Amino acid sequence: MPETSAIHPSVARFVEASRQGSRYLRELERKLSKPHVVARSERARAVLRVQAIALSAIREFLDSHGFIELLPPILGPVTDPGIRGAGQVVVDYYGWPYRVMSSAILYKQAAASALGRIYFVSPNVRLEPPEAALTGRHLAEFVQVDVEGSGMSYEEVMDLVEGLLKHVVAVVKGEAYRELEILGRDLPDCSDPFPRLTHSRAVSMLRSLGVDADEASEIPWDGEVILSGLFRSPFFITDYPLGSRGFYDREDPERPGVLRDFDLIYPEGFGEAASGAEREYEYERVLARLKASGEDPEEYGWYLGMLADGIKPTAGFGIGVERLTRFLCGLGSVWEARLCPKVPGVYSP
Ligand code: ASN
């Protein structure tokens, strides 16, 4: 285990409180039933102001790097299945079963192939399992800034998201110092290059701490918090194993079984910030990956049709806005980063 001082006290307090399980959740449900009261507090107003400043810093950064903002898709015949077991929301769209976007990944590939560098500020819905309410970092409804560029490598995308986060932290430190003071948040220094470690290195680090982690799978949620607590600055985990992520993360042609992808992780126990990758874009390869991940290619008609026509290779990432807010403000749980949060399994307006 890391020294406890490396985990931010508010994360440690949340972990402690959430041990009460359903008692904690009932208490939360009571609180969330009155959003007008919660939002009146000085603390909530400071959090939402930091979020607004961060969001405009993100737009400023991406716009100045040649990305154009597109309006996000909300509904579609199919959506991202690579969401770690979370359920999708199906609505009746004139008799067709349509999905509420769990992520805009399929549309990002279409858009970046045609337009070059694009982003969506994209609302996503994922019916996470109820136990995700106790991780402090899951909401059933959240917003991610979903970025994609054609012809980019995943190394270039990591440089981009690193630059973006550094910019946001600098702007927030400069423009929101009063809010950070109200929140008692002393943001860690993010100016040094972010360390990059491979997935297999991350797994061996966890194992050496006695934490169960598997070479063939994603890093488990609790393992990620522990790893995150070992670092003083954000860091990347790269090169996830084939089968552990969405079918669209590109397999390295020279290293079969290894994906050209990454997660960006916040320090101090705050966990995942962003995930990204180079994409599979060739029809045959995508078809094979879809099938291997248990998806029905029939459902991906427009997408496979697009790939059969041919698209450019693209790469990108998505950064969660509520998780970013949680990190910037030093919040115990991500629910504080929304006016009316949808915490998995918790009834709320
Ligand atoms: N936005 C992520 C990405 O670009 C995908 C996701 O949200 N599942 O890789």
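In each ligand, atom 1 is the first atom listed, and ligand 1 is the first ligand listed. Please read all numbers here as calculations on a predicted model, not as lab measurements. When reading the values below, keep in mind they use all heavy atoms of this one structure, side chains included, and skip hydrogens, waters and symmetry mates.
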I'd like to check which ligand 1 atoms, numbered from 1 as shown, lie under 4.0 Å from a non-hydrogen atom of [X].
{"X": "Arg126", "result": "6 (C), 7 (O), 8 (N)"}
{"X": "Phe317", "result": "4 (O)"}
{"X": "Asp146", "result": "1 (N), 4 (O)"}
{"X": "Gly318", "result": "1 (N), 3 (C), 4 (O)"}
{"X": "Gln144", "result": "1 (N), 7 (O)"}

Exercise. Crowded around Arg255 CZ? As in, over 12 foreign heavy atoms under 6.0 Å?
Worked result: yes
May I ask you to decide if the ring planes of [X] and [Y] are parallel, tilted or perpendicular, using 30° and 60° as cut-offs?
{"X": "Tyr24", "Y": "Phe14", "answer": "perpendicular"}
{"X": "Phe236", "Y": "Phe262", "answer": "perpendicular"}
{"X": "Trp221", "Y": "His138", "answer": "tilted"}
{"X": "Phe235", "Y": "Phe231", "answer": "parallel"}

Exercise. Is there a nitrogen or oxygen of Arg279 sitting under 3.5 Å from a nitrogen or oxygen of ligand 1?
Worked result: yes
For this session: Could you tell me whether Asp80 and ligand 1 have an N or O pair separated by under 3.5 Å?
Result: yes
Problem set entry | Within-shell test, Lys108 vs ligand 1, heavy atom, strictly < 4.0 Å | yes
Exercise. Does ligand 1 have an atom that lies less than 4.0 angstrom from a heavy atom of Gly246?
Worked result: no
For this session: Consider only side-chain N and O atoms of Glu295 and Tyr300, and report whether a donor and an acceptor are under 3.5 Å apart.
Result: yes
Exercise. Do we see a donor-acceptor contact under 3.5 Å between the side chains of Tyr154 and Asp159?
Worked result: no
For this session: Quick one: look at Tyr248 and ligand 1, take heavy-atom pairs under 4.0 Å, and tell me if it's side chain, backbone, both or neither.
Result: side chain
For this session: Ignoring hydrogens and angles, tell me if any N or O in the side chain of Asp261 forms a donor-acceptor pair with the backbone of Tyr240 under 3.5 Å.
Result: yes
Exercise. Relative to atom 2 (C) of ligand 1, which among Ser102, Ser103, Ser275 owns the nearest non-hydrogen atom?
Worked result: Ser275
